[in-house]
Amino acid sequence: MGAGLAYAVLKLPAEAPGLSKTVADNIDMSGVDNPVTAVVVNFRGYDTLLEMAVLLLALLVVWSLGSEPQRRELAPGEVLVYLTGLLVPLLILVAGYLLWVGAVAPGGAFQAGSVLAAAGLLLVLSGWRFGARFSGLSLRITVVGGLAVFVLAGLAMMLHGGRFLEYPIAYAGALILVIEAAATLSIGLILVALFLGGRPSPDQSPGSRPESRAEK
Amino acid sequence: MDEFYLGMAVMLLLTLVGGLWRVMRGPTPADRMLAAQLFGTTAVACVLLLSQVFERVALLDVALVFALLAAVTSVAFVRRVLNDEEAGHGDN
Amino acid sequence: MTTAFFYALTGIALFILGLYALIIQLHLLRKILAINVMGSGVFLLLIALATRTQSTPDPVPQAMVITGIVVAVSATALALVLMRRLLDAGGKAKLPEEKTD
Amino acid sequence: MEKMILLWSFDALLGITLVWLAWLTLSRDLFKSIVLFITFGLVLALTWVRLEAPDVALAEAAIGAGITGALLLGALARLESTPADGSDPAREKASLETVVPPGGTTPRQAQRRDRNVE
């Protein structure tokens, strides 16, 4: 099988223009200057839309399997508290930078989302959990937000007489930024929730603070 | 100058391969994990050299993300694997 | 043989290695690792073949690989949760044929 | 000319290291496997840099080197804390540990509460 695959690959022409010329010719219409971001959000928006749906589906399956396992975490030491305090703001800053720079240089929603998830992972590892205040509706809204904004933008374009996911050149840059910002938040949160490995359950725990439950 | 940078990158890759010896031999899990952390530093240096060779400033961002993200793995190691070992069969 | 083909062949080697390990390894965690190695092989093949252009590499396979990486990590997380559920339900993380390792 | 030779040796070294790491990853004991897989992700990100795909390299650096490693280490810890007889060794030491409720505490709060308990 390996030999067959290798033979098939070696039979390919040594030089193929691919689609880079097509993308380069149409880059002015996409609203961004980085060809990869243009392909991800604009030219092949369907892929990314469905990809967000796949992430959401994975999270749904994990949540449907039960609530998150109760872990007994040691209280974080001085070093970890200091490191978290130092790294988490820095990671959030870098995520924002990658999101912004994605329009002109390597970066974009997926990269920024995973850096954001890394910040969340650090917090989780030092004992933080989704609080009662956040584990209800607001968590769900943020998680679905990326997909929802994407679909809403596509539908709004349809109402304007265009086709689904076809952005007018004038607003394309701003639209892409909004879509990517929502996608970044969703991807980061979904990855953190997947790391927790279950539905957050503030009500079941004996230690959850009553005043935060009252706020819900 | 490119030749020098590329040569250094090849050297760094060789040190990475050498470091694998510690991952394979290292008597304790901490030894293996530290070696992997060191690879992260090697990779940062390698990316910086390549950004000079290919003249792409954007690669500096890659090095930045590398440097930041290496910390997450080590924190996960200390909090999950080491803590559980202590809680499991340590005496104090 | 050009650089693109060298890396494409490396990708195929990774894919085959991962497939082999997926079949013969019995521990579920190692099967998950094997699937990840297979995926990396496919990504490497795609990106390598995208560099066969004269100027900048083809951005379409690159965009596909970026989404692929994120999907792969979410699938891995899902597989790990499933493995843990199996463990909690009293099963073992290893398929029954193996004695010890 | 020299640049070509160096580039080729870099390519060859990178490719061989990748395949070798994959082989080692899939044939060692579990903890070694995971450490080697994290290294595999690092080398793969270097490969993306070499193949002029910095966007992919960014994604791989964030996910392959950071998040996948943390995920796998968490799963491994979970595996090893459940011995065959079903008892949970972590539970016996519970009195010495701070139980973090999923009620949302920051590290600092956790520490403060810890002191209050003492």
Roughly how far, to the nearest 0.5 Å, is the [atom2] atom of [Y] from the [atom1] atom of [X]?
X        : Y        : atom1 : atom2 : answer
Ile63(D) : Ser74(C) : CD1   : OG    : 8.5 Å
Ser33(D) : His27(C) : OG    : NE2   : 9.5 Å
Thr25(D) : Leu17(C) : OG1   : CG    : 9.5 Å
Ile67(D) : Thr76(C) : CD1   : OG1   : 11.5 Å
Thr47(D) : Ile47(C) : OG1   : CD1   : 11.0 Å
Leu26(D) : Lys31(C) : CG    : NZ    : 11.5 Å

Could you report the tightest heavy-atom contact between [X] and [Y], atom names first, then the distance?
X        : Y        : answer
Glu52(D) : Gln62(C) : O-NE2, 3.4 Å
Leu51(D) : Thr51(C) : O-CG2, 3.4 Å
Glu60(D) : Ile69(C) : OE1-CD1, 3.5 Å
Ala12(D) : Phe6(C)  : CA-CZ, 3.8 Å

Between [X] and chain D, with a heavy-atom cut-off of 4.5 Å, which part of the residue counts as in contact: side chain, backbone, both or neither?
X        : result
Val81(C) : neither
Leu14(C) : side chain
Leu44(C) : both
Val73(C) : both
Leu80(C) : side chain
Ala77(C) : both

Region of Leu18(D) in contact with chain C, defined by heavy-atom distances below 4.5 Å =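 Interface part for Leu18(D): both.
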
Heavy-atom distance under 4.5 Å between the side chains of Thr3(C) and Leu7(D), does that happen here?
->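 They are not in side-chain contact.
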
Ile66(C) side chain reached by Leu58(D) side chain, heavy atoms, under 4.5 Å |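 No, their side chains stay 4.5 Å or more apart.
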
Mind running side chain to side chain contact (heavy atoms under 4.5 Å, CB included) on Leu14(D) and Thr10(C) for me, showing each step along the way?
-> CA-CA 10 Å; Leu14(D) 209 55; Thr10(C) 311; over 6 Å; no

Give the member of Val65(C), Val70(C), Val37(C), Leu33(C) that has the highest number of heavy-atom pairs under 4.5 Å with chain D.
->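 Between Val65(C), Val70(C), Val37(C), Leu33(C), the count favours Leu33(C).
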
Assign the ring pair Tyr20(C) / Trp23(D) to parallel, tilted or perpendicular, where the plane angle (0 to 90°) is split at 30° and 60°.
->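 Rings of Tyr20(C) and Trp23(D): parallel, as their planes differ by under 30°.
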
